[in-house]
Amino acid sequence: QVTVALWRHLQSLTIAVEGELVTSDGRLMGRLDLLFADVDDAGQLKGWLVADLKTGRAPTEELKPEVNRQLRMYRDILLANNPSAPPVRTEGWYTKTASKWTAEGGSVLEQAYAAWEATQPTTMPMDPTPGPDSCGGFCDWKAWCQHWWNWRHENGTLHKDDFSDAVVLLHEFEPNSGSAVIELCEPLDGGIRAIPTGIKKSAKFDGRGKDALQEVLASQHQGPLFLGSIMTAQSTWRIGHWCDVLPWKPILDGVEYIREN
Ligand code: SF4
């Protein structure tokens, strides 16, 4: 149990609060809430204690595997960066039940590096996975991927949701107010070409959505734009801080892609 008296005691033992943890190669990072000196009854240092404050539901038997892994990663980065560190323990501290749960197990660094490698972009586009749980939801890659667009077009859901993705042409834009006229496009040739439909919509770009549009325009991009999560419930479509505003540049399947800088 974390009592007030214990908390005061812990304050005197604090080494770091909200410390950033980064491996020396910069690939893995985390942010620990608290790092304490772990002392025995005689006040002698016996190690370090990493405590992560948790506001969610507390465990009843043991930490969830993903929380256990997260806590061990903090421990392992700390050990990797401090070869002469004393033994390090790590615990999740749950505010709802004022309980502490220890994370135990071997090093997770090897698995963490393998996961990092798996996130590195390949030069050949990966196989698409169109479907309601992938393209139908949030995906960072839609401005470069033709498959969500084709999938929506074929199943009749293009531009039908209250928050819709679209490939559009920008006909008018007034930078002060953010007011614009956009024309919806439809996919051709499997989504690698955009065909204007003649359907025009009034639109309003706000905040970060407007800034992003101005950045795209300043980059001299010409041609269609990808707009992600446009709010379409009203007659004037809204593109705000929650939206992606990017040049539409589909990457072709089966063709090696080298990123321009
Ligand atoms: S939009 Fe493309 S990259 Fe994203 S989930 Fe669909 S197929 Fe995959």
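Whatever order the structure lists them in is the order used to number ligands and atoms, beginning at 1. Hydrogens, waters and symmetry mates are skipped; everything else that's a heavy atom, side chains included, is used.
Between the side chain of Thr95 and the main chain of Lys54, a donor-acceptor pair closer than 3.5 Å is present. In this structure a side-chain-to-backbone donor-acceptor pair under 3.5 Å is missing from Asn68 to Leu63. Side chain of Lys210 to main chain of Pro175: a donor-acceptor pair is present (N/O by atom type, distance under 3.5 Å, no hydrogens or angles).
Interface atoms of ligand 1 facing Cys139, defined by a heavy-atom separation under 4.0 Å, are 1 (S), 3 (S), 4 (Fe), 5 (S). Atoms of ligand 1 found under 4.0 Å from any heavy atom of Cys145, numbered from 1 in the order shown, are 1 (S), 2 (Fe), 3 (S), 7 (S). With ligand atoms numbered from 1 in the order given, ligand 1 contributes 5 (S) to contacts under 4.0 Å with heavy atoms of Ser134. Which parts of ligand 1 touch Trp148 is read off a 4.0 Å heavy-atom cut-off, strictly below it: atoms 1 (S). Taking every non-hydrogen atom of Thr129 and a distance limit under 4.0 Å, the qualifying atoms of ligand 1 come out as 7 (S), 8 (Fe).
Not a single N/O/S atom of His147, whether from backbone or side chain, sits less than 2.8 Å from atom 4 (Fe) of ligand 1.
The distance from atom SG of Cys243 to atom CG of Asp206, rounded to the nearest 0.5 Å, is 9.5 Å.
Ring to ring, Trp93 and Phe36 are close: their centroids are under 6.0 angstrom apart.
A salt bridge links Glu117 with Arg27: at least one charged nitrogen is closer than 4.0 Å to a carboxylate oxygen.
Of the heavy atoms in Cys135, both backbone and side-chain atoms come closer than 4.0 Å to ligand 1.
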